[in-house]
Amino acid sequence: MLNVNRENNMPNITNIVYNKEKERYWIYVDGEFCTSIRKRTFPALKIKVGDEISCEKVKELENFHWKNAYNVKSWEKEKVRLDKVKKLIEGIDPKLKVNIVGFGADTTEYIKNHPEESGSPDIEVVINKSGVIVVFVEVSGTENMRGDSYWVRHDKIKFIQNHPDKDIWIILHYALPEERFIFIKIRLEKEYKISSEIIKNAEEYYVEFFNGDPEIKLFEEFKSYLLQKIEAY
């Protein structure tokens, strides 16, 4: 074990060991095992042997990396996307109402917690009078659309496939260069190819979709789907 000079009596990272099999870094503080950090997030945390930091702080950096990586401006843009999708859906038929139910989806406050399951949808679409849930919708996207493909986080797709009892759509919203809504219906039985991207110095996993893929639906298809759901109730 590497010894570090601790004249100021502050906690220090005394050793970092990479476990290739687990793809995680073992972090030791003051000679004791503290926690492990995912390989894909480790570079973004920018910690090293000798750093003055408590074990609790190391755990916090790992547990809330993505919350720390995205600031309030990012959350504000996400809120704009939610509002846009809400207005779009409620404009389809006055019988429809959108409730925002995703963990922290309708706030820009920092929440030191995580949802019960990663990838759960942001909104539920209900019939106004009865409150019956028609569909769930996961809202995503970026302010600026780059390229000609659509990227969806893998955990969102995994959630949909793990919950076949929930009727879930994905709607992507892009503001620039022109406003666009992309409607995606995931196939429950399909095994999707996972790609990775470096986002804010950490590795994130995505599934890439293109125009012409069977999962990509037109607005009219989504609209017709909702109207049929209303008629069914």
Taking only residues two or more places apart in sequence, or in another chain, which ones meet R180 in a side chain to side chain donor-acceptor pair (under 3.5 Å)?
Y150
Are H154 and E204 linked by a side-chain donor-acceptor pair shorter than 3.5 Å?
no
Salt-bridge criterion met for K185 and D167 (N-O under 4.0 Å)
yes
Show every salt bridge (Lys or Arg N to Asp or Glu O under 4.0 Å) that has at least one partner inside residues 190-199, sequence neighbours left out.
K190-E215
So, E52 versus N12: side-chain donor-acceptor pair below 3.5 Å or not?
no
When you look at V126 and V98, which way does the side-chain contact (heavy atoms from CB on, under 4.5 Å) test go after all the steps?
CA-CA 6 Å; V126 303; V98 168; over 6 Å; no
In the hydrophobic clustering that connects Ile, Leu, Val, Met, Phe, Trp and Tyr at side-chain heavy-atom distances below 4.5 Å, which members other than I194 occupy its cluster, ordered by chain and number?
Y205
Starting from the C-alpha separation in whole Å, work towards a yes-or-no answer on salt bridge (Lys or Arg N to Asp or Glu O under 4.0 Å) for E56 and K59.
CA-CA 5 Å; E56 290 73 20; K59 291 178 179 178; 5.9 Å; no
Out of curiosity, does I182 fall in the hydrophobic cluster containing I160 (side-chain heavy atoms, cut-off under 4.5 Å, transitive links)?
yes
Geometric cation-pi criterion, K217 with F183: 6.0 Å, 45°:
no
Which residues pass the side chain to side chain donor-acceptor pair (under 3.5 Å) test with K48, sequence neighbours left out?
D51
Tell me every residue that passes side chain to side chain donor-acceptor pair (under 3.5 Å) with S36, counting only those two or more places apart in sequence or in another chain.
R24
What is the ring orientation for Y206 with W151, classed by angle as parallel under 30°, tilted 30 to 60°, or perpendicular over 60°?
perpendicular
Start with the C-alpha gap between T142 and Y174, add the side-chain angles, then the distance that decides, and say whether side-chain contact (heavy atoms from CB on, under 4.5 Å) holds.
CA-CA 5 Å; T142 56; Y174 301 98; 3.4 Å; yes
With side chains defined as the heavy atoms from C-beta onward, is the minimum distance between Q161 and Y192 less than 4.5 Å?
yes
Are R81 and E143 within salt-bridge range, i.e. N to O under 4.0 Å?
no
Hydrophobic cluster mates of L176, side-chain heavy atoms under 4.5 angstrom, ILVMFWY only, any path?
none
Should E62 and R38 count as an ion pair when the cut-off is N to O under 4.0 Å?
yes
Run N19 and V17 through side-chain contact (heavy atoms from CB on, under 4.5 Å) and show every step you take.
CA-CA 6 Å; N19 185 309; V17 178; over 6 Å; no
